[in-house]
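Okay, so here's the structure we're looking at.
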2 protein chains.
Amino acid sequence: MSSLNEPRWLDQDEMAAWRGFVVASNLLNRRLERQLKEDSGLSHQQYEILVHLSAAPGDSLRMTELADKLVTSKSGLTYQVTQLERMGLAARRSCPSDVRGVFAELTDQGREMLRQAAPGHVALVRELLIDVLTREQLAVLAESLGTVSARLRLDETP
Amino acid sequence: MSSLNEPRWLDQDEMAAWRGFVVASNLLNRRLERQLKEDSGLSHQQYEILVHLSAAPGDSLRMTELADKLVTSKSGLTYQVTQLERMGLAARRSCPSDVRGVFAELTDQGREMLRQAAPGHVALVRELLIDVLTREQLAVLAESLGTVSARLRLDETP
DNA sequence: ACACCTTCGTTCGAATTTGAACAACAGGAG
DNA sequence: CTCCTGTTGTTCAAATTCGAACGAAGGTGT
């Protein structure tokens with residue numbers, strides 16, 4: 001037998017996919033981070049918080065739910081929401097039905113900031129990712145990463 | 001005209017691809033980070049440094065070149081190489097042809113650590129990404145992200 | 001009502017990351 | 001050689017991130 005305890009290493013295609021994913025991910029984040037910071041004074045994470053809030057009913061979300069959507073730690077979210085509060089872009093509101101609960105809420109100023117920051121961000125996402133790929137590539141990407149994400153979400157909460 | 005200054009927002013497919021990318025990227029990093037830390041006491045970044053060094057001729061790379069491959073900041077690399085030095089997994093060696101230059105070099109202990117850590121890491125990458133996708137999806141992913149990365153590398157150094 | 005286990009969000013300390021500033025050097029044009 | 005420009009790696013302060021521990025509450029079964 002050739003592989004008693006030998007792990008199955010990645011072949012050339014598999015390695016290309018994996019390396020491509022890591023590299024593209026790092027490069028994209030780096031670039032978007034720079035653009036958002038220079039253009040609007042926001043970090044990518046802060047921008048994403050605003051996006052998720054604005055997409056939520058009542059422009060507000062529970063902290064835990066928001067942390068899940070963002071795929072970040074609860075403590076990390078606590079920190080960032082505090083930052084956004086200081087900037088006047090978000091606010092905390094206590095939950096009526098659960099004393100422990102806290103809603104993060106988008107302020108008018110936060111909505112305005114998003115309106116101002118979104119176009120430049122979306123344009124860059126287009127320029128660096130979306131418009132670089134064909135329609136078919138995009139479709140495969142969406143389905144593939146959707147599958148991967150779904151699978152990861154599952155054994156995350158067993 | 002429907003769009004004087006209106007940005008081209010992302011349609012459903014495009015949004016799915018972009019969100020999928022962000023979410024999958026975060027979830028994967030989070031998971032791999034945990035596994036590596038628990039299994040070998042390494043961060044993903046430290047692991048990647050060892051990998052790149054072991055793949056380089058002479059098991060060593062110049063700091064700047066390594067930072068490029070890792071897609072990280074020079075100062076960040078300085079920090080991590082120092083950490084690896086303290087763990088005995090890497091060492092610094094000055095460059096003969098350039099007094100300013102510094103080589104990061106893999107130590108025997110570092111090679112051994114990699115030999116021990118790699119199987120578990122690769123297995124998880126397989127389980128979470130590679131083996132979840134079909135051969136076609138993998139091929140498309142590799143080519144797409146390859147293109148994206150290449151494009152990003154270019155206007156990074158103009 | 002009681003004990004028990006889970007969930008919620010925050011706090012805390014430690015680790016990491018980044019960009020700007022820096023000093024030292026390389027490399028070429030003149 | 002000499003000036004000038006770009007590179008190299010590090011240092012520094014500031015910002016961010018995480019996990020573990022925590023107090024306070026919810027929810028359930030008995």
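A quick note: this is a predicted structure, and the numbers were derived from the prediction, not measured. By convention in this document, chain letters (A, B, ...) are assigned in the order of the sequence lines, proteins followed by strands, and residues within each chain are numbered from 1. Scope of the values below: all heavy atoms of this structure, side chains included, with no hydrogens, waters or symmetry mates.
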(request) Mark yes or no for whether Thr107(A), through its side chain, and Gly88(A), through its backbone, hold a donor-acceptor pair below 3.5 Å. (result) yes
(request) Write down the distance between CD (Gln46(A)) and P (dA15(D)), rounded to a whole number of angstrom. (result) 11 Å
(message) In whole Å, I'd like the distance from the CD atom of Glu48(B) to the P atom of dT16(C).
(response) 15 Å
(request) Using a strict cut-off of less than 4.0 Å between a Lys/Arg side-chain nitrogen and an Asp/Glu carboxylate oxygen, indicate whether Asp108(B) and Arg115(B) qualify as a salt bridge. (result) no
(request) Measure from CD on Gln45(A) to C1' on dC18(D) and round the result to the nearest Å. (result) 12 Å
(request) Write down the distance between CG (Asn29(A)) and C1' (dT17(D)), rounded to a whole number of angstrom. (result) 14 Å
(message) Please give me every residue in residues 66-100 of chain A whose heavy atoms get under 4.0 Å of an atom in DNA chain C, ordered by residue number.
(response) Lys74(A), Ser75(A), Thr78(A), Arg92(A), Arg100(A)
(request) Using heavy atoms to find the nearest nucleotide of DNA chain D for Val102(B) and Lys37(A) separately, return the residue whose nucleotide is more 5′. (result) Val102(B)
(request) May I ask you to check whether Thr82(B) and Arg92(B) show a side-chain donor-acceptor distance below 3.5 Å? (result) yes
(request) Using atom CZ of Phe103(A) as one end and atom C1' of dT10(C) as the other, report the distance to the nearest whole Å. (result) 18 Å
(message) So that I can tick it off, tell me whether Glu14(A) and Arg19(A) are bridged by a salt bridge, with the cut-off set at under 4.0 angstrom between side-chain N and carboxylate O.
(response) no
(request) Determine, for Asp68(A) against Lys74(A), whether the closest basic-nitrogen to carboxylate-oxygen distance falls under 4.0 angstrom. (result) no
(request) Can you tell me the distance, in whole Å, between the CE atom of Met63(A) and the P atom of dT11(C)? (result) 10 Å
(message) In this structure, how many angstroms lie between the P atom of dG9(D) and the CD1 atom of Ile49(B), rounded?
(response) 14 Å
(request) Provide, to the nearest angstrom, the distance between the CD atom belonging to Glu33(A) and the P atom belonging to dT18(C). (result) 9 Å
(message) Is Arg30(B) close enough to dC18(D) that one of its side-chain N or O atoms is under 4.0 Å from OP1 or OP2 there?
(response) yes
(message) If we count only N and O atoms by modelled type, under 3.5 Å, do the side chains of Arg111(A) and Ser54(A) hold a donor and an acceptor together?
(response) no
